[in-house]
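A quick write-up on the structure given underneath.
It should be emphasised that the depicted structure is a prediction, and the values quoted were computed from it without experimental measurement. Start at 1 with the first residue, then count along the sequence.
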Amino acid sequence: MVIGIIGGGASGMAAALAAAENENAQVLLFERQARLGRKLQATGNGRCNLTNLHAAEGGFHGEEANFAGFALKEFDPKAVLQWFRGMGLFTVAEASGRVYPYSDQANSVLDVLRFALEKPNIRVITGFEVSKVRREGASFRVENGEESFACDKLIIACGGLAGTKLGGSMSGYKLLMKFGHRCSKLRPTLVQLKCGWGGIAGLKGVRANCRAQILRDGSIFAESTGEIQFTEYGLSGPVIFEISRDVCHGPGQWACRLDLLPETSREELLTELRHLMSFRLLPLQKFPILCAILINVKLILIQL
Ligand SMILES: Cc1cc2nc3c(=O)[nH]c(=O)nc-3n(C[C@H](O)[C@H](O)[C@H](O)COP(=O)(O)OP(=O)(O)OC[C@H]3O[C@@H](n4cnc5c(N)ncnc54)[C@H](O)[C@@H]3O)c2cc1C
């Protein structure tokens, strides 16, 4: 039996390894880029956050938030770690539950997968962009315009549109829609926010803990607390990734409000300043300006 897998990313490689457990199967792994797992190398900021110990049903977004439930029941984070350990990968978990390779290098994850794929019944075919899939009776024919392969079973693991520079494309959606699947509305998620205000560039490189709120016509639409990173063009960091999917969910005036002192109220802040002043730790004439600066730091409103 020939099992074809389109896409040599994390999912395609894992599917190939699982399919090859059947010794009677010949696995063909098609990858359009010159190398396997390019997106994997960039994940987790080059460290590859390969699972999360707290991953559970209900912790996902989308039209069907429980969609991941089935996969998690079959292959939970513990099983993921055992599977990688079986291939020789040592991992380390952070307090947040995020798990990374012990080397802190995404390349280690890719390497163990690539080495594991070196099996007699797996053939990796890189530089092969599947442009068409045809049904031939009960099997499939996979083509790239020049060459074609017949497969008894076919797995489409082309990934999504995210990370176009790393290989993300519409290809998988198009192939699947030809077989009658539907595609929900695509929109960016886990992304940075660009701001219209040029002054933001002056804060480039600053990192802080903050409460970030997405406002639509002045009302809170989404909020989260965590680390923010200011960049040349706008806002980044985990707290922004968390709320970015909720931006521009329709018409209206969209803005992001940041509270860089989330645990301190305005009143507490003023009391603290007065206290410092009473001990002459702050020069009297600077008091109004310091108040203004700190209160501005407490609440920054950025139009998106
Ligand atoms: C910047 C960034 C950081 C991320 N960080 C994390 C993280 O830390 N932790 C985490 O869990 N997830 C992270 N993700 C998400 C994660 O990368 C994806 O969920 C994961 O890569 C999906 O794997 P995949 O195999 O489904 O798709 P992909 O990794 O996209 O692989 C699909 C492969 O299919 C190939 N392909 C597409 N069309 C064809 C075709 N027609 N013919 C042949 N080959 C084709 C592509 O070239 C690609 O190699 C991150 C994503 C990005 C973009």
Donor-acceptor list for residues 224-241 side chains, cut-off 3.5 Å, not counting sequence neighbours:
{"from": "Glu227", "atom 1": "OE1", "to": "Gln229", "atom 2": "NE2", "distance (Å)": "3.1"}
{"from": "Thr231", "atom 1": "OG1", "to": "Tyr233", "atom 2": "N", "distance (Å)": "3.4"}
{"from": "Thr231", "atom 1": "OG1", "to": "Gly234", "atom 2": "N", "distance (Å)": "3.0"}
{"from": "Thr231", "atom 1": "OG1", "to": "Gly234", "atom 2": "O", "distance (Å)": "3.1"}
{"from": "Glu232", "atom 1": "OE1", "to": "Lys204", "atom 2": "NZ", "distance (Å)": "3.3"}

Scan the side chains in residues 152-169 for donor-acceptor partners under 3.5 Å anywhere in the protein, sequence neighbours excluded, and list what turns up.
{"from": "Asp152", "atom 1": "OD2", "to": "Val2", "atom 2": "N", "distance (Å)": "2.7"}
{"from": "Ser169", "atom 1": "OG", "to": "Ser171", "atom 2": "N", "distance (Å)": "3.2"}

Throw together a table of side-chain donor-acceptor distances under 3.5 angstrom for residues 9-24, partners on residues two or more places apart or in other chains.
{"from": "Asn22", "atom 1": "OD1", "to": "Asn24", "atom 2": "N", "distance (Å)": "2.9"}

Pair up each side-chain donor or acceptor in residues 127-137 with any protein partner under 3.5 Å, not counting sequence neighbours, and list the distances.
{"from": "Ser131", "atom 1": "OG", "to": "Glu143", "atom 2": "O", "distance (Å)": "3.4"}
{"from": "Arg134", "atom 1": "NE", "to": "Glu143", "atom 2": "OE2", "distance (Å)": "2.7"}
{"from": "Arg134", "atom 1": "NH2", "to": "Glu143", "atom 2": "OE2", "distance (Å)": "2.7"}
{"from": "Glu136", "atom 1": "OE1", "to": "Arg141", "atom 2": "NE", "distance (Å)": "3.3"}
{"from": "Glu136", "atom 1": "OE2", "to": "Arg141", "atom 2": "NE", "distance (Å)": "2.9"}

Could you tabulate the donor-acceptor pairs under 3.5 Å formed by side-chain atoms of residues 90-103, not counting sequence neighbours?
{"from": "Glu94", "atom 1": "OE2", "to": "Arg47", "atom 2": "NH2", "distance (Å)": "2.9"}
{"from": "Ser96", "atom 1": "OG", "to": "Arg98", "atom 2": "N", "distance (Å)": "3.3"}
{"from": "Ser103", "atom 1": "OG", "to": "Gln105", "atom 2": "N", "distance (Å)": "3.2"}
{"from": "Ser103", "atom 1": "OG", "to": "Ser108", "atom 2": "OG", "distance (Å)": "2.5"}

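Pairs passing the side chain to side chain donor-acceptor pair (under 3.5 Å) check and including a residue from residues 53-62, sequence neighbours excluded, read His61-Arg245.
Taken together through direct or relayed side-chain contacts under 4.5 Å among Ile, Leu, Val, Met, Phe, Trp and Tyr, Met177 and Leu186 form part of one hydrophobic cluster. Residues Leu53 and Phe60 do not share a hydrophobic cluster, clusters being chains of Ile/Leu/Val/Met/Phe/Trp/Tyr side chains in contact below 4.5 Å.
You'll find the side chain of Gln26 reaches within 4.5 Å of the side chain of Arg123, heavy atoms only. By the 4.5 Å heavy-atom criterion applied to side chains, Phe149 and Phe30 are counted as neighbours. Side-chain contact between Ile3 and Leu28 is absent, with no heavy-atom pair separated by less than 4.5 Å. Inter-residue side-chain proximity for Cys48 and Leu40 is flagged as met; some heavy-atom pair is nearer than 4.5 Å. Within the 4.5 Å cutoff, side-chain heavy atoms of Leu81 are placed close to those of Thr51.
Here Cys151 contributes atom SG and Met1 contributes atom CE; the two are 11.5 Å apart, rounded to the nearest 0.5 Å.
Side chain of Asp217 to backbone of Gln253: a donor-acceptor contact under 3.5 angstrom is found. Using a distance-only test at 3.5 Å, with no hydrogens or angles considered, a donor-acceptor pair links the side chain of Glu31 to the main chain of Gly8. A side-chain donor-acceptor contact under 3.5 Å links Asn121 to the backbone of Ala25. At distances below 3.5 Å, at least one donor-acceptor pair connects side-chain atoms of Glu268 with backbone N or O atoms of Ser265.
The environment of Asn45 atom CG is sparse: at most 12 non-hydrogen atoms of other residues, nucleotides or ligands sit within 6.0 angstrom.
For Val112, the side-chain contact (heavy atoms from CB on, under 4.5 Å) criterion is met by Phe84, Met87, Leu89, not counting sequence neighbours. Applying the side-chain hydrogen bond (donor to acceptor under 3.5 Å, both in side chains) criterion to Asn107, with sequence neighbours excluded, gives Gln41. Taking Arg216 as the reference, nothing meets the side-chain hydrogen bond (donor to acceptor under 3.5 Å, both in side chains) condition, with sequence neighbours excluded. For Asp76, the side-chain contact (heavy atoms from CB on, under 4.5 Å) test picks out Lys78, Ala79, with sequence neighbours left out. Scanning for side-chain contact (heavy atoms from CB on, under 4.5 Å) contacts around His181 gives Leu176, Phe179, with sequence neighbours left out. Listed by chain and residue number, Gln33 satisfy the side-chain hydrogen bond (donor to acceptor under 3.5 Å, both in side chains) test with Arg38 (two or more places apart in sequence, or in another chain).
Nearest heavy atoms, Asn144 versus Glu147: OD1-N, 2.8 Å.
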Determine, step by step, whether Cys210 and Asp259 satisfy the side chain to side chain contact (heavy atoms under 4.5 Å, CB included) criterion, reporting the C-alpha distance in whole Å, the side-chain angles of both residues, the deciding distance to 0.1 Å, and the verdict.
CA-CA 5 Å; Cys210 83; Asp259 182 348; 5.8 Å; no
